[in-house]
Trainee: 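Below are the structure tokens for one structure; questions will follow.
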Amino acid sequence: MSRRPLLAAVAAALAGGAVCAVGALTDPQGVLRGWLASFAFWIGLPLGAMMLLFAHDLTGGRWGIAAVPPLRAMVALLPLVLLLLVPVLLLLPELYPWARAAAAAHLKNRFYLNAPFFYGRAAVYVLVWLGLALAALRGSGRGRNPLAAPGLILLGLTVTFASFDWFMSIEPDWGSSIYGMMIVGGQLLGAMALATLAVVLGGRTDAGQRRDLGSLLTAAILLWFYLSFMQFLIVWQENLPHEITWYVARLSGGWGWVAALGAMAQGALPFAALIWWPVKRSRAGLAAVSLLLLAAHLLECWWLILPGLDGGFTWFAPASALAMGGACMAVVLWRLNAGRLFSGRSGHAAQAAGLPASGVRHG
């Protein structure tokens with residue numbers, strides 16, 4: 001496999017990192033806003049991939065023959081993505097009103113939103129996720145994984161509360177019980193889209209596997225759309241002043257157009273494409289749909305977070321996404337290349353021993 005994609009990923013990480021480094025000297029608050037919004041996208045990929053691996057361990061399916069390698073590669077970058085949260089943890093008052101004494105004085109949920117408890121919960125999330133990632137990498141794709149069912153339950157709980165802490169609490173007066181599930185739905189969709197993109201570009205699938213991957217993408221789109229629309233419908237129907245402010249900020253000005261674009265690009269358009277049979281069977285069609293879903297999911301993460309922060313959109317958000325994405329993709333590509341090299345050596349060793357190279361070819 002050519003090393004050009006790996007070198008391009010490293011170059012993207014360096015370019016985005018350089019822009020953020022310069023911005024840290026001129027507009028540190030803007031860099032931090034963009035950093036948190038882009039972190040919401042990248043942390044979702046390994047977490048969503050872990051959920052899909054555990055789900056495949058429980059249910060099986062031929063789609064996993066092709067999708068498990070890229071999903072495992074995504075899970076492997078979890079420690080790197082978690083390190084990207086460090087600037088946010090070190091500068092809590094810059095992003096979270098509840099971390100500032102004056103703003104937190106009137107909050108009714110100070111027992112939950114306070115720095116010591118926040119750090120303690122974050123430590124629990126990290127420890128649980130790293131432990132589950134180790135279990136997923138050791139057990140997934142190799143038969144029945146006894147940790148798959150409890151792992152899914154733990155992931156659902158911890159990801160929900162982490163989304164409350166890290167993303168929803170930028171507006172501490174607002175809350176939604178469905179917010180965490182909406183975040184989980186987006187993470188599953190993003191991880192499935194990236195795995196599908198890696199599989200079809202790698203050319204390791206047959207028509208049946210591509211049809212299965214397309215069907216799973218369709219299901220993920222419907223889940224995300226249902227959860228997102230239900231939250232909007234409930235808030236709109238109740239029409240309570242302390243709840244509608246969240247949507248007012250995200251439907252005013254240019255953010256309203258972003259919301260409409262996201263609903264089309266992450267919902268209606270890919271769904272309409274995937275119910276057309278030739279798209280499901282086509283490598284080019286699935287690749288185009290997956291790219292559209294990933295771009296729309298990144299836009300959704302910005303839409304969820306940036307309108308709730310003073311200053312709103314910042315061009316450091318694309319720079320942060322580029323820096324994080326370049327670093328993450330470099331790790332994924334390195335791991336995939338290493339896996340192919342290991343498989344190739346295993347195959348040659350098996351042939352030299354006169355044994356069938358089972359498990360070397362997939363799809």
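Values in this document were obtained by computation on a predicted structure and should not be read as measured data. Residue indices begin at 1 and follow the sequence shown.
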Trainee: Rounded to the nearest 0.5 Å, what's the gap from CE on M74 to CE on M329? Could you check?
Mentor: 7.5 Å

Trainee: Donor-acceptor pair, S290 side chain versus L194 backbone, under 3.5 Å?
Mentor: no

Trainee: Same cluster or not: are L53 and L157 linked, directly or through other Ile, Leu, Val, Met, Phe, Trp or Tyr residues, by side-chain heavy atoms under 4.5 angstrom apart?
Mentor: no

Trainee: Grab the two heavy atoms, one from P97 and one from I170, that are nearest each other, plus how far apart they are.
Mentor: CD-O, 3.4 Å

Trainee: Does L304 reach the side chain of I183, with side-chain heavy atoms less than 4.5 Å apart?
Mentor: yes

Trainee: Under 3.5 Å, side chain of S252 to main-chain N/O of V248, donor-acceptor pair present?
Mentor: yes

Trainee: Do L45 and Q187 have side chains that get closer than 4.5 Å, going by heavy atoms?
Mentor: no

Trainee: Determine, using the 4.5 Å side-chain heavy-atom cutoff (strictly less than), whether L137 and L147 are members of one ILVMFWY cluster.
Mentor: no

Trainee: Got more than 12 heavy atoms from elsewhere within 6.0 Å of CD, Q237?
Mentor: no

Trainee: Could you state the interatomic distance from CD (E300) to CE (M182), rounded to the nearest 0.5 Å?
Mentor: 6.5 Å

Trainee: To check you understand the geometry: which heavy-atom pair defines the closest contact between L213 and V199, and what is its length?
Mentor: CD1-CG1, 4.0 Å

Trainee: Mind checking whether T218 and F271 have side chains closer than 4.5 Å, heavy atoms only?
Mentor: yes

Trainee: Just so I know, are the side chains of L293 and I221 near enough to count as touching, which here means a heavy-atom distance under 4.5 Å?
Mentor: yes

Trainee: Quick check: closest heavy atoms across G34 and L306, and the distance to 0.1 Å?
Mentor: N-CD2, 4.4 Å

Trainee: Given side chains that start at C-beta, do those of L91 and L95 come closer than 4.5 Å, heavy atoms only?
Mentor: no

Trainee: Identify whether NZ of Lys or CZ of Arg in R121 sits under 6.0 Å from the centre of the six-membered ring of Y125 and within 45° of that ring's axis.
Mentor: no

Trainee: For F232, does the six-membered ring have the charged nitrogen or CZ of R250 within the cation-pi criterion, i.e. under 6.0 angstrom from the centroid and within 45° of the normal?
Mentor: no

Trainee: Is it true that W42 and W303 fall in one hydrophobic cluster, defined by side-chain heavy atoms closer than 4.5 Å?
Mentor: yes

Trainee: Kindly give the heavy-atom pair with the smallest separation between A135 and N145, and that separation in Å.
Mentor: O-ND2, 3.6 Å

Trainee: Under a single-linkage definition using a 4.5 Å side-chain heavy-atom cutoff for Ile, Leu, Val, Met, Phe, Trp and Tyr, are L58 and V75 assigned to the same hydrophobic cluster?
Mentor: yes

Trainee: For T245 and W174, run side chain to side chain donor-acceptor pair (under 3.5 Å): C-alpha distance rounded to whole Å, both residues' side-chain angles, the deciding distance at 0.1 Å, then the answer.
Mentor: CA-CA 8 Å; T245 54; W174 184 85; 5.5 Å; no

Trainee: In this structure, is the centre-to-centre distance between the rings of F313 and W315 below 6.0 Å?
Mentor: yes

Trainee: S169 and W98: which non-hydrogen atoms are nearest, and at how many Å?
Mentor: OG-NE1, 3.1 Å

Trainee: Quick one, M51 and V184 - any side-chain contact, counting heavy atoms below 4.5 Å?
Mentor: yes

Trainee: Between S228 (side chain) and F225 (backbone), is there a donor-acceptor pair under 3.5 Å?
Mentor: no

Trainee: Can you tell me if R211 uses its side chain to pair, donor with acceptor, with the backbone of K280 under 3.5 Å?
Mentor: no

Trainee: Tell me, with the steps shown, if L274 and L286 meet side chain to side chain contact (heavy atoms under 4.5 Å, CB included).
Mentor: CA-CA 8 Å; L274 288 171; L286 279 179; 3.9 Å; yes

Trainee: Between V81 and C328, what is the shortest heavy-atom contact and its length?
Mentor: CG2-SG, 3.6 Å

Trainee: If Ile, Leu, Val, Met, Phe, Trp and Tyr residues are connected whenever their side-chain heavy atoms lie under 4.5 Å apart, and connections chain through other members, are W224 and L291 in the same group?
Mentor: yes

Trainee: Under 3.5 Å, side chain of H297 to main-chain N/O of F41, donor-acceptor pair present?
Mentor: no

Trainee: Under a 3.5 Å distance rule, please check whether Y119 uses its side chain to pair with a backbone N or O of L89 as donor and acceptor.
Mentor: yes

Trainee: Under 3.5 Å, side chain of Y96 to main-chain N/O of W166, donor-acceptor pair present?
Mentor: yes

Trainee: Does a side-chain heavy-atom distance below 4.5 Å link I43 with L82?
Mentor: yes

Trainee: Quick one, Y179 and F164 - any side-chain contact, counting heavy atoms below 4.5 Å?
Mentor: yes

Trainee: Does the R33 side chain pair with the main chain of G312, one donor and one acceptor, at a distance under 3.5 Å?
Mentor: yes

